[in-house]
Amino acid sequence: QVQLVESGGGLVQAGDSLRLSCAASGRTFSTGAMGWFRQAPGKQREFVAGISRSAFITSYTDDVKGRFTISGDNAKNTVYLQMNSLKAEDTAVYYCAADPTGTTRLRNPVYWGQGTQVTVSS
């Protein structure tokens with residue numbers, strides 16, 4: 001089993017920055033690609049960003065390209081999401097996820113974190 005624990009959410013103003021962290025524990029060799037989804041109130045959960053286990057390959061949804069950066073630290077089994085120029089529409093619960101098949105768009109997420117709230121006031 002793999003456990004994913006997110007941290008770093010909070011309340012910020014539009015234009016501010018936040019960094020989310022996701023620490024993996026347990027059978028981390030099976031995590032494959034890792035990354036982030038988000039779910040806003042009344043909307044479906046959507047893919048945000050993903051990174052390969054090697055950290056050489058990344059993927060982003062179009063809405064966050066140029067503003068969000070995903071990175072990883074294999075020594076710490078941790079993935080980060082640096083979010084800059086935040087907008088009110090970025091408000092959502094952000095979930096860390098891991099896809100053992102290794103697709104950086106996390107098409108087969110098996111492991112999930114509990115979620116962390118990000119609220120951006122305009």
Side-chain angles (χ1 to χ4, degrees):
Q1 272 289 12
V2 173
Q3 294 78 43
L4 303 176
V5 178
E6 304 101 332
S7 61
L11 171 64
V12 296
Q13 294 186 336
D16 285 351
S17 298
L18 271 179
R19 189 176 82 154
L20 305 182
S21 300
C22 173
S25 61
R27 298 167 63 89
T28 55
F29 60 86
S30 65
T31 53
M34 292 180 62
W36 299 88
F37 286 75
R38 66 186 179 186
Q39 187 167 19
K43 295 188 177 181
Q44 289 189 332
R45 191 173 299 190
E46 64 173 355
F47 168 79
V48 177
I51 188 167
S52 64
R53 186 157 181 82
S54 68
F56 290 150
I57 302 172
T58 58
S59 296
Y60 298 91
T61 188
D62 287 345
D63 286 352
V64 307
K65 285 181 180 177
R67 299 188 299 123
F68 292 10
T69 302
I70 189 169
S71 61
D73 184 336
N74 280 339
K76 296 182 179 179
N77 291 314
T78 300
V79 172
Y80 305 96
L81 185 67
Q82 178 66 42
M83 305 185 294
N84 297 329
S85 302
L86 282 162
K87 305 175 182 179
E89 48 264 44
D90 294 318
T91 295
V93 177
Y94 283 71
Y95 296 91
C96 181
D99 176 353
T101 67
T103 63
T104 54
R105 294 198 72 85
L106 307 180
R107 299 189 189 281
N108 306 286
V110 172
Y111 305 108
W112 293 91
Q114 80 286 355
T116 185
Q117 177 70 46
V118 172
T119 303
V120 184
S121 63
S122 57

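In this text, all values refer to a predicted model and were calculated from it rather than measured experimentally.
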Measure the shortest side-chain to side-chain distance between [X] and [Y] over non-hydrogen atoms and say whether it is less than 4.5 angstrom.
X	Y	result
Leu20	Glu6	no
Arg53	Thr31	yes
Phe68	Thr61	no
Gln1	Tyr111	yes
Cys96	Trp36	yes
Ser59	Phe47	yes

Donor-acceptor pair, side chain of [X] and main chain of [Y], under 3.5 angstrom:
X	Y	result
Tyr80	Asp73	no
Asp99	Asn108	yes
Thr58	Ile51	no

For residues [X] and [Y]: do they belong to one hydrophobic cluster (side chain heavy atoms under 4.5 Å, members Ile, Leu, Val, Met, Phe, Trp, Tyr)?
X	Y	value
Val2	Val79	yes
Val120	Val64	yes
Leu4	Trp112	no

Nearest-0.5 Å distance that lies between atom CD in Gln39 and atom CD in Glu46: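 Taking CD in Gln39 and CD in Glu46, the distance rounds to 9.5 Å.
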Apply side chain to side chain contact (heavy atoms under 4.5 Å, CB included) to residues Gln13 and Leu86 and explain how you reach the verdict. CA-CA 8 Å; Gln13 294 186 336; Leu86 282 162; over 6 Å; no
Could you tell me which residues satisfy side-chain hydrogen bond (donor to acceptor under 3.5 Å, both in side chains) with Asn77, sequence neighbours excluded, listed by chain and number?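 Asn77 satisfies side-chain hydrogen bond (donor to acceptor under 3.5 Å, both in side chains) with no other residue.
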Which pair of heavy atoms, one from [X] and one from [Y], lies closest together, and at what distance?
X	Y	value
Ser85	Arg67	O-NH1, 3.0 Å
Ser17	Asn84	OG-OD1, 2.9 Å
Tyr94	Ala92	CD1-O, 3.4 Å
Gln117	Thr91	NE2-CG2, 4.0 Å
Lys76	Thr78	O-OG1, 2.9 Å
Ala49	Leu81	CB-CD1, 4.0 Å

Relative to Phe37, does Arg45 satisfy both conditions: NZ or CZ under 6.0 angstrom from the six-membered ring centre, and within 45 degrees of the ring's axis?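 Judged by the rule, Arg45 and Phe37 form no cation-pi pair.
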Can you tell me if CZ on Arg107 sees more than 12 non-hydrogen neighbours from other groups inside 6.0 Å?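 For Arg107, atom CZ is not crowded (no more than 12 foreign heavy atoms under 6.0 Å).
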Are Arg38 and Asp90 within salt-bridge range, i.e. N to O under 4.0 Å?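 Yes.
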